[in-house]
Amino acid sequence: MGYTLAQKIIKAHLVSGSMVPGEEIALRIDQTLTQDATGTMAYLEFETMGVPRVRTELSVAYIDHNTLQSGFENADDHRFIQSMAYKYGLRFSRPGNGICHQVHLERFGIPGKTLIGSDSHTPTGGGIGMLAFGAGGLDVAVAMGGGAYYITMPKMIKVDLKGRLRPFVTAKDISLEILRILSVKGGVGYIIEWGGEGIKNLTVPERATITNMGAELGATTSIFPSDEVTRAFLEAEGRGESWIELKADDDAVYDKVIEIDLDELKPMIACPHSPDNVKTVESIEGTKVDQVCIGSCTNSSLYDMLKVAALLKGKTIAPNVSLSISPGSRQVLTMLADSGALSDILSSGARVLECACGPCIGMGFSPNSAGVSLRTFNRNFEGRSGTRDAGVYLVSPETAVAAALSGVITDPMKLGDMPSVVIPYKYKVDDSAILFPCDEDKADEAEILRGPNIKAFPDSRPVTDSMEAELVLKVGDNITTDHIMPAGAKILPYRSNIPYLSKFCFEVCDKDFPERALKAGQSIIVGGENYGQGSSREHAALVPLYLGVRAVIAKSFARIHVANLINAGIMPLTFKDPAAYDMLDQGDALMLSDIYEGMDTGSIILRDITKGTECELNVNFTDRQKAILKAGGLLKYVGQGND
Ligand code: MIC
Ligand code: SF4
């Protein structure tokens with residue numbers, strides 16, 4: 001039996017474990033990336049581990065999330081990360097150089113290599129055949145130190161693309177279609193491999209849009225083969241020597257195969273407040289639009305921007321619409337400027353923002369109250385835009401332009417003929433905003449610059465054999481990390497200050513939660529399906545830890561969040577019978593006993609002391625995870641000399 005493409009890369013990087021779905025495997029990691037919103041914490045953790053230099057083939061620290069600098073906090077954190085990169089052997093991508101995933105694809109990604117990044121959209125690298133995973137900062141810190149990355153061996157889905165996209169139907173519509181089919185939890189436990197005749201006509205930036213949004217499916221990662229299209233992209237970036245051919249064996253076996261006929265696909269739109277709330281654009285045409293944002297790591301490539309410029313050329317946006325454009329990288333922006341496309345964008349009335357995440361993570365450009373915002377981004381969770389009652393819709397750049405011009409949601413197929421857009425044969429390569437580290441023999445003298453915004457991270461505690469705790473918060477299905485630990489311009493600068501951040505924990509669901517949790521001392525959270533979906537931010541575990549949360553009991557969890565909980569020493573547990581969820585109420589006193597025995601048998605009894613009832617919980621931990629929980633989190637576990 002042959003191997004799928006992902007299985008081949010896993011096999012080549014396997015450090016321990018067997019490649020049986022559901023088993024724990026450890027992978028050797030070739031490259032890492034961090035961004036600043038998760039990076040400060042990751043580098044503090046790396047520092048604690050006492051490793052003198054990074055041990056990967058390549059590690060890059062990007063600054064792209066917190067670039068507003070509305071106070072000293074961001075600037076201090078940038079300097080901290082820059083000084084860490086210099087001392088410990090990382091490349092440093094300066095603020096303004098672009099969004100980590102876009103820049104990594106352009107300048108560093110290599111087919112067949114493994115990459116982990118402290119950002120959930122790291123699978124963007126799958127667009128050039130990398131096996132790239134989003135991970136918590138601590139897992140990235142461990143990988144930088146040369147440690148393996150532990151995951152559950154995923155099952156394999158193949159998506160077979162047939163036919164060819166029609167004009168105005170795009171890679172983003174393929175992403176939205178697969179979200180419609182599978183939902184935001186449909187990819188959990190799977191790697192998604194894209195193949196079929198239809199991929200031949202998809203450029204690398206289009207493929208990267210698709211692998212990027214695999215994160216929204218909850219997939220472990222997504223990947224395309226490395227073929228002639230990949231070779232052309234790498235050659236255009238002046239990196240043709242990095243290319244190798246990679247594909248699945250002809251007799252590879254997949255657990256699921258999904259077919260999408262590109263000829264039949266229509267422009268799609270994800271409606272508020274979930275990326276899988278997908279409809280055809282034509283079905284909601286006419287809805288008035290207040291704001292349109294084009295950019296983010298999903299749709300900010302040169303190809304996307306050139307299409308946008310061509311569609312805007314000679315036209316003016318509707319008076320009721322505010323349009324923002326954030327090119328994904330300095331390379332994209334420079335080439336837009338050189339080709340004259342930038343002036344087509346500017347003359348339409350668009351506002352050009354920095355090459356950064358910007359509005360995608362609520363760093364500015366929040367919609368007006370109850371506003372309708374169409375965004376080419378990947379997430380439309382409630383409140384993420386910075387405006388609680390805004391309705392955010394996710395669309396392709398083409399659909400975004402159609403709405404910006406007409407002022408209402410409009411099927412882009414009505415824009416007339418699609419102007420032809422040619423991607424240049426060579427990209428303009430300018431790495432002047434990527435700084436090199438110091439030589440290894442100078443590292444001792446290199447100083448780490450720390451600002452007052454950096455506070456100690458919370459002390460985790462070993463899981464005890466029994467515990468009594470209050471059910472301090474009960475929430476429903478699909479709780480995102482944006483619910484647990486919101487981002488946005490007001491809070492994001494405090495990513496290295498857990499005590500301050502804690503004031504905003506679960507703000508979207510329940511403003512009183514932090515105070516109640518602190519009062520309870522030791523507490524448990526109860527959630528529904530897919531708890532912790534979305535971002536890789538380990539703050540969604542570290543902040544609850546600071547507030548005294550010792551366990552989260554849910555119907556099911558998202559992959560990265562469950563790892564972050566364990567790394568923080570918080571037990572993720574699931575209901576044996578999901579109906580037990582209904583019997584628990586906020587405020588109940590709960591009791592877990594014989595936890596250690598339960599870790600071995602796979603189940604423990606939860607007693608509701610208030611109600612005098614009981615239910616059974618699943619305890620699914622590998623031996624390593626049990627040891628991490630008993631040690632009081634991954635940092636302590638590693639500190640004890642373990643891998
Ligand atoms: C996001 O898109 O939610 C983020 C901001 O990029 C996060 C990382 C973070 O919270 O810093 C992610 O996707 O992991
Ligand atoms: Fe940045 Fe948005 Fe991409 Fe997250 S999803 S990395 S915030 S652009």
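All ligand and atom numbering here is 1-based and tracks the order in the structure.
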If I take atom NE2 from residue His65 and atom CG from residue Asp77, how far apart are they, to the nearest 0.5 angstrom? 13.5 Å
By number and element, which atoms of ligand 1 are closer than 4.0 Å to a non-hydrogen atom of Arg379? 1 (C), 2 (O), 3 (O), 12 (C), 13 (O)
Look up atom NE2 in His13 and atom OG1 in Thr114, then write down how far apart they are to the nearest 0.5 Å. 4.0 Å
Are side-chain N/O atoms of Asn299 and Thr376 paired as donor and acceptor at under 3.5 Å? no
Salt bridge (charged side-chain N to carboxylate O under 4.0 Å, His left out), that's the test. Do Arg537 and Asp482 meet it? Break it down for me. CA-CA 9 Å; Arg537 61 190 74 146; Asp482 278 280; 3.2 Å; yes
Check the side chains of Asn530 and Asp477 for a donor-acceptor pair under 3.5 angstrom, ignoring hydrogens and angles. no
Heavy-atom distances under 4.0 Å are what count here, so tell me which part of Asp119 touches ligand 1: side chain, backbone, both or neither. both
Does a side-chain heavy-atom distance below 4.5 Å link Leu565 with Pro572? yes
Taking only non-hydrogen atoms of His101 and a 4.0 Å limit, the atoms of ligand 2 in range are 6 (S)
Nearest neighbour of atom 4 (Fe) of ligand 2 from the list His65, Gln35, Arg375, on a heavy-atom basis: His65
Donor-acceptor side-chain pairing of Glu354 and Thr67 below 3.5 angstrom: yes
So is His539 touching ligand 1 or not, going by heavy atoms under 4.0 Å? no
Could you check which of Gly117, Ser536, Ala37 puts a non-hydrogen atom nearest to atom 14 (O) of ligand 1? Ser536
Nearest-neighbour protein heavy atom for atom 2 (Fe) of ligand 2, which is reported as residue plus atom name and distance: Cys360 SG, 2.3 Å
For ligand 1 and Ser118, I'd like to know whether there is a polar contact (N/O to N/O, distance under 3.5 Å). no
Atom 8 (C) of ligand 1 [closest protein heavy-atom partner, distance rounded to 0.1 Å]: Gln35 NE2, 3.1 Å
Which residue supplies the protein heavy atom nearest to atom 10 (O) of ligand 1, what is that atom called, and how far is it? Arg537 NE, 2.5 Å
Near Thr38 (heavy-atom distance under 4.0 Å), the atoms of ligand 1 are 9 (C), 11 (O)
Under 4.0 Å from a heavy atom of His121: which atoms of ligand 2 are those, numbered in the order shown and with their elements? 5 (S)
Using 30° and 60° as the class boundaries, would you call the ring planes of Phe506 and Phe513 parallel, tilted or perpendicular? perpendicular
Decide whether the shortest distance between a heavy atom of Met485 and an atom of ligand 1 is less than 4.0 Å. no
Has Cys297 got an N, O or S atom lying less than 2.8 Å from atom 3 (Fe) of ligand 2? yes
Hey, does Arg537 sit under 4.0 Å from ligand 2 if you only count heavy atoms? no
Is Lys455 close enough and on-axis enough to Phe457, meaning under 6.0 Å and within 45°, for cation-pi? no
Report the part of Asn212 (side chain from C-beta onward, or backbone N, CA, C, O) that has a heavy atom under 4.0 Å from ligand 2; answer both or neither where that applies. neither
Close-contact set for ligand 2 against Asp119 heavy atoms, below 4.0 Å: 6 (S)
Applying salt bridge (charged side-chain N to carboxylate O under 4.0 Å, His left out) to Glu529 and Lys185, what does each step give before you reach the verdict? CA-CA 9 Å; Glu529 298 282 5; Lys185 54 181 198 307; 5.5 Å; no
Distance only, no hydrogens: is a donor on one side chain within 3.5 Å (strictly under) of an acceptor on the other, for His101 and Tyr62? no
Between the candidates Met363, Arg384, Arg495, His101, which shows the shortest non-hydrogen contact distance to atom 11 (O) of ligand 1? Arg495
Measure the CG-CD distance between Leu105 and Gln331 for me, rounded to the nearest 0.5 Å. 10.0 Å
Strictly under 4.0 Å, does any heavy atom of Arg379 approach an atom of ligand 2? no
Within a strict 4.5 Å, meaning less than it, do heavy atoms of the His273 and Val392 side chains meet? no
Which atoms of ligand 2 are found less than 4.0 Å from any heavy atom of Asn378? 5 (S)
Which of the atoms in ligand 2, numbered in the order shown and given with their element, are less than 4.0 Å from a heavy-atom of Arg384? 2 (Fe), 5 (S), 7 (S)
Residue and atom name of the nearest protein heavy atom (relative to atom 13 (O) of ligand 1), distance in Å to one decimal: Ser120 OG, 2.5 Å
Per-atom contacts, ligand 1 versus Ile361 - under 4.0 Å to a heavy atom: 5 (C)
So which heavy atom in the protein is nearest atom 1 (Fe) of ligand 2, and how far is it from that ligand atom? Cys357 SG, 2.3 Å
List the closest protein heavy-atom neighbour of atom 7 (C) of ligand 1: residue, atom name, distance to the nearest 0.1 Å. Ser535 OG, 3.2 Å
Testing Gln533, Arg559, Arg379 one by one against Ser120 for a side-chain hydrogen bond (donor to acceptor under 3.5 Å, both in side chains), which residue passes? Arg379
Hey, are the side chains of Val401 and Ile294 touching, using non-hydrogen atoms and a 4.5 Å cut-off? yes
Can you classify the ring geometry of His561 versus Tyr531 as parallel (below 30°), tilted (30 to 60°) or perpendicular (above 60°)? tilted
N/O of Asp482 under 3.5 Å from N/O of ligand 1, yes or no? no
How does His65 reach ligand 1, if at all, at less than 4.0 Å between non-hydrogen atoms: by side chain, backbone, both, or neither? side chain
